[in-house]
Number of protein chains: 2
Amino acid sequence: MARSEEGFRGPQVCKVVGITYRQLDYWARTDLLRPSLADAHGSGSQRLYSYSDIVELKVIKQLLDAGVNLGQARRAIACLRESGGDLATANLVLGTQGTVLARSGEEIVDLLRGGQGVFNIVPLAAVVDEVDAAILVLDRPGTAAAGPEPLPEARGRRAGS
Amino acid sequence: MARSEEGFRGPQVCKVVGITYRQLDYWARTDLLRPSLADAHGSGSQRLYSYSDIVELKVIKQLLDAGVNLGQARRAIACLRESGGDLATANLVLGTQGTVLARSGEEIVDLLRGGQGVFNIVPLAAVVDEVDAAILVLDRPGTAAAGPEPLPEARGRRAGS
DNA sequence: GCGCGTAACTACGCTGCTGTCATGAGGTTA
DNA sequence: TAACCTCATGACAGCAGCGTAGTTACGCGC
């Protein structure tokens, strides 16, 4: 159960993200999100997930909580990967026509005005914050998760690209 | 197949909304949306849907197209019914915390700022327009559906409450 | 090299949602 | 009343997305 120095293993990821191991396994098998550090190779091996993997998993989890199915979540993380800007300041906007990253609130209002169809909006800053807080309580199980802002140690682990 | 003077029957509703009869039937059986004019009473009867029923059905259809499951759509139309304001100018906002009707774009930006979690936003004006256009081509099958704005005849059929 | 814990793998089943097909009951017309 | 058309209804199938339980095998400590 000890933390590996480079990456997170399956059961740890489940606790941080807030999903079951069955979901993580299903998503890895169906190519929704494979671990980018080390994939499984047989029945006793270990999957190793990176920090950005966990952020993407948390986005999926948030979408599921909002009632969005996995098919739409699949398109969401596909857009999240190809447009690799600064995640913490953007909003992920899933429309019927396509999927975009919106940098400001005005951009979202513009999309609504010209827009037909439904939009699913994910504020990525909140996602990153929640992931950092969850990783902190994984490191120190005694610490409460209600800290106003996470320590820079955890935030520094964020992937640049 | 002729239009009943007061209300729309099942197969007509399917064409207007763009769903299958199986879906309409399933939604009526599971209490997602029963026809408000006449429910089914046995195997040879007919369901009669009102205009506002069709608008709500179109909202559900849009949500499904956006990847939202029926459970969330259930909460959506529940909110749509209890807050019975002017539909055509509002946006239906489904959050993880709850469901609201937002009147302006700034209201949505405020929700995004203070908000954690994902939002599903339905612009109701576009929904009403699409329903009106679909009803028009139901009346005159030769008319194309690409008209810039629907005729006032169909818009007048909208329910006040 | 040898146990042992952990984690991946497999199989089975369940629920929600939908398609397909056959059946049955009203309503309508002759 | 008999034929006929229209919908609602029922039974079955099928897929997505998991839960549960048992099995298997890597990797670490010794």
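Order of the sequence lines sets the chain letters (A, B, ...), proteins ahead of strands, with each chain counted from 1.
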[N] [atom2] sits how many Å from [X] [atom1], rounded?
X       : N      : atom1 : atom2 : answer
B/Asp31 : C/dG16 : CG    : C1'   : 16 Å
A/Ile19 : D/dG17 : CD1   : C1'   : 13 Å
B/Asp25 : D/dA11 : CG    : P     : 13 Å
A/Leu63 : D/dG17 : CG    : P     : 13 Å
A/Gln12 : C/dA7  : CD    : P     : 8 Å
B/Arg29 : D/dC7  : CZ    : P     : 16 Å

For [N], does OP1 or OP2 lie under 4.0 Å from any side-chain N or O of [X]?
X       : N      : answer
B/Arg9  : D/dC7  : yes
A/Trp27 : D/dG17 : no
A/Tyr26 : D/dC18 : no

- request: Could you work out the complete set of other residues in the hydrophobic cluster of B/Val109, with links drawn between I, L, V, M, F, W and Y side chains under 4.5 Å apart?
  value: A/Val109
- request: Give the nucleotide from the list C/dC9, D/dG10, D/dC18 with an atom nearest to the side chain of A/Ala40.
  value: C/dC9
Residues two or more places apart in sequence or in another chain: which of them pass side-chain contact (heavy atoms from CB on, under 4.5 Å) with [X]?
X        : answer
A/Asn69  : A/Gln72
A/Glu106 : A/Ser104
B/Leu37  : B/Leu48, B/Ser50
B/Ser43  : none

- prompt: Just checking A/Leu32: base, sugar-phosphate only, or nothing, at a heavy-atom cut-off of under 4.0 Å?
  reply: nothing
message: Any base atoms under 4.0 Å from A/Arg47, or only sugar-phosphate, or nothing? Heavy atoms, all strands.
response: sugar-phosphate
query: Does A/Asp39 have any salt bridge (charged side-chain N to carboxylate O under 4.0 Å, His left out) partners at least two apart in sequence or in another chain, and if so, which?
result: A/Arg34
message: Base contacts versus sugar-phosphate-only contacts with protein, heavy atoms under 4.0 Å: please encode nucleotides 19-30 of chain C as B, S and - from 5' to 3'.
response: BB---BBS----
message: Looking at A/Gln12 and A/Phe8, would you say the former's side chain and the latter's main chain have a donor-acceptor pair under 3.5 Å?
response: no
query: What pairs of residues pass the salt bridge (charged side-chain N to carboxylate O under 4.0 Å, His left out) test when at least one of them lies in residues 16-27 of chain B, not counting sequence neighbours?
result: B/Arg22-B/Asp25, B/Asp25-B/Arg29, B/Asp25-B/Arg47
task: Mind listing the residues from residues 67-78 of chain A sitting with a heavy atom below 4.0 Å of DNA chain C? Number order is fine.
output: none
- prompt: In terms of side-chain heavy atoms, does A/Thr96 have a donor or acceptor partner in B/Asp65 at a distance below 3.5 Å?
  reply: no
